[in-house]
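All chains are named by letter (A, B, ...) in the order of the sequence lines, taking the proteins before the strands, and each is independently numbered beginning at 1.
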Amino acid sequence: MELANTLRQDGESRGGVLAHLERLETQVSKSHKKLEEPQNAQALEARIHELKRLRDKLRAEVKQRQARVKASTANVEPDQILEISEQEILERKQENMKAILQAYRFTGISGKLTSRGVSVCISTAFEGNLLDSYFVDLVMEKPLWIHHHSVPVFIPLEEISAKYLQTNTRHFLFVLWEYLNAYSGRKYQADRLQSDFAAFLVGPLQRNSLCNLLSFTYKVKPEGQSFPFCARLLYKDLTTTLPTDVTVTSQGTEALPSTWEEQRAAHENLFFTKPLHQVFTSFAKKGEKLDMSLVS
Amino acid sequence: MDETLAEFFRRTILKIPMTEMMTILKTWNFLSENQLQTVNFRQRKESIVQDLVLLCEENHASLNDAAHLDIIYTQFHRHQKIWDVFQMSKAPGDDIDLFDMEQFKSSFKKILQRALKNVTVSFRDAEENSVWIRIAWGTQYKKPNQYKPAYVVYYSQTPYAFTSSSRLKSNLPLLGQALTVASKHHQIVKMDLRSRYLDSLKAIVFKQYNQSFETHNCTTSLQEGSLGLDINMDSRIIHENKVEKERVQRVTQEIFGDYPQPRLEFAQYKLETKFKSDLNGGILAEREEPLRCLVKFSSPHLLEALKSLAPAGIADAPLSPLLTCIPNKGKNYFKIRDK
């Protein structure tokens, strides 16, 4: 290459000739390679065929051996029948155990071993209805710690774990279950009121994340002339599903009917003692009774 | 209608992209179906907006209605703002939080109005017992500036509040005080966490980003988790470094999990540490004062990018805990000093 450059000063024709010669040289070597390649390719192809043939032969041998093994085991029939029935028994037992483990969820607290500790599943329910489940992954180290969880942020998990997690893990789980179960129950009642008894409500149901303060205006009869009541329910104990404080008041400054004070006191008592949606179910039933009497 | 109010309506409606116009107007629910049908939505946008503003005037729209429309627009375009996170705490021994939304709103508004004569406060209830608050700041002598409002998103009975960074920083202490007192907390502190993605910030501080739990019914084997190394593929192909690749996958999965990562755009590290060097000497070595420098990682999706570093071969697994602790600690601003 450098030779070609130094010669260029002499005359372009000479540089041109050398370059031309180089080009011819590379062309020749390329064509040589091309002649070789098909030979190499042929050799490789032949090798591939050979290997494929060997593979097919080995596969056939393996199949033969498998067939022989099957044939030999087929001769051992009576023992096999016994084995099958034992296997069936074991399988049934296993299914049973699995079902029991699944059913453990209904106790409220169930757990499963993980690589680092225990994954606890807290299932909540209210009045026989299975509600949400929450998970807490515990890592078994000293000190015990929570890897991750699906507990809502407004449940005081940090407080509860600060009090009980290290000293009494069982109690920690129980307290957490109490909080979550009560929250689920309160939420269920509020949801039922909003969806099933919307006709009885005047305006929206005011609630908060923990469902521990409910404020709403309602009527005893969905349509028609019925005096509106304002109810305010406070659940100061986060482990219960019934309110701790109930106030029923009148909405405005209109004249109150004579029976109003009686009704008000009765309603307050109802809210204290019965779950929210059941109170409204009883209002609906009373309304039906009145209608029925009117009809007959 | 007041001219400034009409102008505010005009500019607010003009901001809305045509593709979202009907959805947002229907969510706002201030103009009736019949009224909306009288508008010709095939004209030029300016004409459409003019017609809509006239309809608002017909309905005697107030500043409050305009503020509601602004909140709805911002809810649809929350990524246009940068959100900060504040954490509140209660004094030990405080009563159970009986949060009353109406009390909270009235208390919050009163505190701001007592301090600043001129301030517009508007509320819109949102999902999961939360509220979006819009605050237009004024001063004792100036009317509120409706074009630079601050937003606060608060989920009831939680210690966290999300605020859109307002340029008017002087009002921040007042805002903090109003939030704390109205929500019956004791103290408020700004977290070192900031992003455009409000939902990701919520997922991080509410610890909702890792919700994959082994249920009692599922039996996923670890083999199914091995991504990309399909052992059944072709037995004639040998994977080099298979052991190492599997280790990297396993470590990455342990740290980052299987769930989609919350979305952040950056992580910033302020270093005030002494320079450490393997080589002897050098200008920077053996200095008493710490070196101050700022390292910033940016990405359209920072945590997914970090998760893919080790599998892509760009970094060693496990990654530095300074990077992997971001969602766990709820921080993407760090100050690192020598211990």
Does the separation of the ring centres of [X] and [Y] fall below 6.0 angstrom?
X: B:Phe104; Y: B:Tyr154; result: yes
X: A:Tyr218; Y: A:Phe280; result: yes
X: B:Phe30; Y: B:His68; result: no

Contact winner vs chain A - B:Phe206, B:Tyr155, B:Tyr160, heavy-atom pairs under 4.5 Å: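 Looking at each option in turn, the highest pair count goes to B:Phe206.
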Sort A:Ser215 into side chain, backbone, both or neither according to what part of it lies under 4.5 angstrom from a heavy atom of chain B.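 No part of A:Ser215 comes within 4.5 Å of chain B.
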Contact winner vs chain B - A:Val151, A:Leu234, A:Val153, A:Asn208, heavy-atom pairs under 4.5 Å: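 Top option by heavy-atom pairs under 4.5 Å: A:Asn208.
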In terms of relative ring orientation, are A:Trp145 and A:His147 parallel, tilted or perpendicular, with 30° and 60° separating the classes?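 Judged by the thresholds at 30° and 60°, the geometry between A:Trp145 and A:His147 is perpendicular.
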Cation-aromatic face contact A:Arg192/A:Tyr188, 6.0 Å, 45 degrees: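 A:Arg192 over A:Tyr188 ring: yes.
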Which atoms of [X] are under 4.5 Å from chain A, going by heavy atoms: the side chain, the backbone, both sets, or neither?
X: B:Asp125; value: neither
X: B:Glu254; value: neither
X: B:Glu128; value: backbone

